[in-house]
There are 2 protein chains.
Amino acid sequence: MTRNTRQRTVIRQVFEEANRPLGAPEVLDAAQASVNGLGIATVYRTIKSLVEDQWLVPVELPGVPPRYELAGKGHHHHFHCKGCGKVYELEGCVDNLKRLVPAGFEVTGHDVTLSGLCLACASAA
Amino acid sequence: MTRNTRQRTVIRQVFEEANRPLGAPEVLDAAQASVNGLGIATVYRTIKSLVEDQWLVPVELPGVPPRYELAGKGHHHHFHCKGCGKVYELEGCVDNLKRLVPAGFEVTGHDVTLSGLCLACASAA
DNA sequence: ATAGATGCAAAGGGTTTGCACTTGA
DNA sequence: TCAAGTGCAAACCCTTTGCATCTAT
């Protein structure tokens, strides 16, 4: 079964401490501080395994590589900062969405992504 | 300046006749019916040039390669069919979006993507 | 005639995979 | 011990680019 390797432990910690969705390169950067020689392939493999375990869920945003966040957070959406590229969780949702689709279309999901500048980038600008 | 090549003419026709956003492979498929030997590189180069001319605009959706649609359509969103992969335009929008972001964040744009099955795929299922 | 456009193949990013080596149980 | 996990490099997919050839103008 799954072993508790140093790499896997550190990668989980990185997600637990991030409080926001992370992409594979962000995970690599953060985890390399604790695991010398960590390779990007291990990051991808570990993320994949954690998604299969339903410990992580993928966060797909328009035009950027996927991020991943801890599972079990309930329905929410995201903010993508065009300054630093970081993705943040947003609480709440919108409604009346199904009214937008033509008759006969079957809606099974939706994504809402706001973009702009996060607090840090807006302050710096 | 820009020349009216057979390839460029046909690629424009493909977009005009599609009535929905198209990805590069879709354009290649459709255009090859009229231009023998058309290469994917030409499709990408032509799309890029038409975007620079503001004749096309990119349509970025979560988790899939970009599509492109005719410019000048006004604000709208999209539906992504998980059956056939086609993307459709939706009219209308949602409001009260800015209330979702934390104080200090600056919102400059938003994307709303509905997904599910289009009429054809829902009927087939 | 000649600069822009094309097609092919090679090169680039991001992600996955094969394989020999390492390591947790 | 010994199979799962790791790191490296090669492979892959989608997109871009270099280059010789072709073609609108």
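These numbers were taken from a predicted model, which means no experiment stands behind them.
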Members of residues 32-42 of chain B that approach DNA chain C, where some heavy atom sits under 4.0 Å away
B:G37, B:L38, B:G39, B:A41, B:T42
Heavy atoms under 4.0 Å, any strand shown: does A:R6 hit a base, just sugar-phosphate, or nothing?
nothing
If you measure from CD on A:E26 to CZ on A:R20, what distance do you get to the nearest 0.5 Å?
4.5 Å
Keeping the roles fixed (side chain from B:R99, backbone from B:N96), state whether a donor-acceptor pair exists under 3.5 Å.
yes
Would you state whether a donor and an acceptor, one from the side chain of A:R67 and one from the base of C:dG14, lie under 3.5 Å apart?
no
What's the closest nucleotide to the side chain of B:R45 if the choices are D:dG18, D:dT6, C:dA5?
D:dG18
Euclidean distance, atom CD of residue A:E26 to atom C1' of C:dG14 [Å, nearest integer]
14 Å
Between C1' of D:dA3 and CG of A:N4, the distance in whole Å
16 Å
Of B:P25 and B:T2, the one whose closest DNA chain D nucleotide lies more 5':
B:P25
Find the distance B:E52:CD to C:dG4:P and express it as a whole number of Å.
14 Å
Is there a donor-acceptor contact under 3.5 Å from the side chain of A:S49 to the main chain of A:R45?
no
Would you say A:T5 places a side-chain N or O within less than 4.0 Å of OP1 or OP2 belonging to D:dT6?
yes
Just by distance, do the side chain of B:R6 and the backbone of B:S34 share a donor-acceptor pair under 3.5 Å?
yes
Here's a test for you: under side chain to side chain contact (heavy atoms under 4.5 Å, CB included), which of A:E89, A:E91, A:H110 qualifies with A:H77?
A:H110
Is there a side-chain contact between A:T113 and B:P62 in this structure, where contact means two heavy atoms from C-beta onward sitting under 4.5 Å apart?
no
Determine: side-chain N/O of B:K48 to OP1/OP2 of D:dT17, distance under 4.0 Å, yes or no.
yes
Round to the nearest Å and state the distance from B:I11 atom CD1 to C:dT6 atom C1'.
11 Å
Taking CG from B:L50 and P from C:dA5, how many angstroms apart are they, rounded to a whole number?
11 Å
From the set C:dG4, C:dT6, C:dG24, return the single nucleotide nearest to any side-chain atom of B:R3.
C:dG4
Rounded interatomic separation in angstrom, taking CG from A:L28 and C1' from D:dC8
14 Å
Test your reading of the model: is there a side-chain donor-acceptor pair from A:Q32 to the backbone of A:L38, 3.5 Å cut-off?
yes
In this structure, how many angstroms lie between the P atom of C:dT23 and the CD atom of A:Q7, rounded?
9 Å
